[in-house]
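Please read the structure below before turning to the comments.
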Amino acid sequence: MNQERKIAVEEVDAVAPPPKARVEDAFDASTETSAGVFDASTEASANVAGSVAETFERKRDYLSGFLSQKPQALAGTEPGGELYEAVIAALKEIYDPEIPVNIYDLGLIYGVDITADGHAAVQMTLTTPHCPVAESMPGEVELRVGSVPGIGHAEVNLVWDPPWDPQKMSDEAKLELGML
């Protein structure tokens, strides 16, 4: 038990890389597998081996159906649509009188919903309930949104929950105010 063990170190310049595994090699009908399932001498075994290899074969047209589809056109009332973006552009023209940032980038607009018949509903808040423009700001938003071509009726819903905080501002607004 107290015998010393010697460790032999062998130095080599290079090692040959191991052979790469191929799917074709795994299901070769001419060779027998370790389980002995496939036997090239019987026709049935050759057919089974051929069908297994076909299932693993990569189909060249696997994306053809997906790539041939054209993207669906956006309706104008959903985000990214022409009418929706026109309403957002109108909201970005309204500035808070105390802060030199538009109300959209300031995070005061919580949502814009536009129906197919041109009814726009804007859900918004103010920085505080005691904001000096609490009476005039919702009216101005309603006028600006209602003046967008394609909007027949605009409605503004003033909400206080969730309350506004500076985290709702966009990065552009934070940069403008020196908060970034």
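The chain is numbered in sequence order, starting from 1. Everything numeric here is computed off the predicted structure, so don't read it as measured data.
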Discussion item. Would Y110 and N157 count as a side-chain contact (heavy atoms from CB on, under 4.5 Å) here? Give the steps.
Written reply: CA-CA 10 Å; Y110 285 169; N157 299 319; over 6 Å; no
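Rounding to the nearest 0.5 Å places CD1 of I94 at 12.0 Å from CG of L106. Here the CZ atom belonging to R144 is positioned 5.5 Å from the CD atom belonging to E93, to the nearest 0.5 angstrom. Atom CG in L91 sits 4.5 Å away from atom CD1 in I109 (nearest 0.5 Å). For the atom pair CD1 of I99 and CE of M169, the computed distance is 7.5 Å after rounding to the nearest 0.5 Å. Put simply, NZ on K174 and CD on Q167 are 4.5 Å apart, with the number rounded to the nearest 0.5 Å.
Of all heavy-atom pairs spanning P149 and L83, the tightest one is O-CD1, 3.3 Å. Counting all heavy atoms, side chain and backbone alike, E142 lies closest to A154 at OE2-O, 3.3 Å. The shortest non-hydrogen separation linking A134 to P129 is CB-O, 4.3 Å.
Follow the hydrophobic side-chain contacts under 4.5 Å out from V112 and you never reach Y95; the two are in separate clusters. I103 and L143 are assigned to two separate hydrophobic clusters, defined by single-linkage of ILVMFWY side chains at heavy-atom distances under 4.5 Å.
Exactly one residue among V122, V133, V156 makes a side chain to side chain contact (heavy atoms under 4.5 Å, CB included) with P138. That residue is V156.
Two residues are said to be in side-chain contact when any heavy atoms from C-beta on lie closer than 4.5 Å; V12 and E10 meet this criterion. Side-chain contact check for W164 versus L108: some heavy-atom pair is nearer than 4.5 Å. Contact check for M124 versus V141: side-chain heavy atoms found under the 4.5 Å cut-off.
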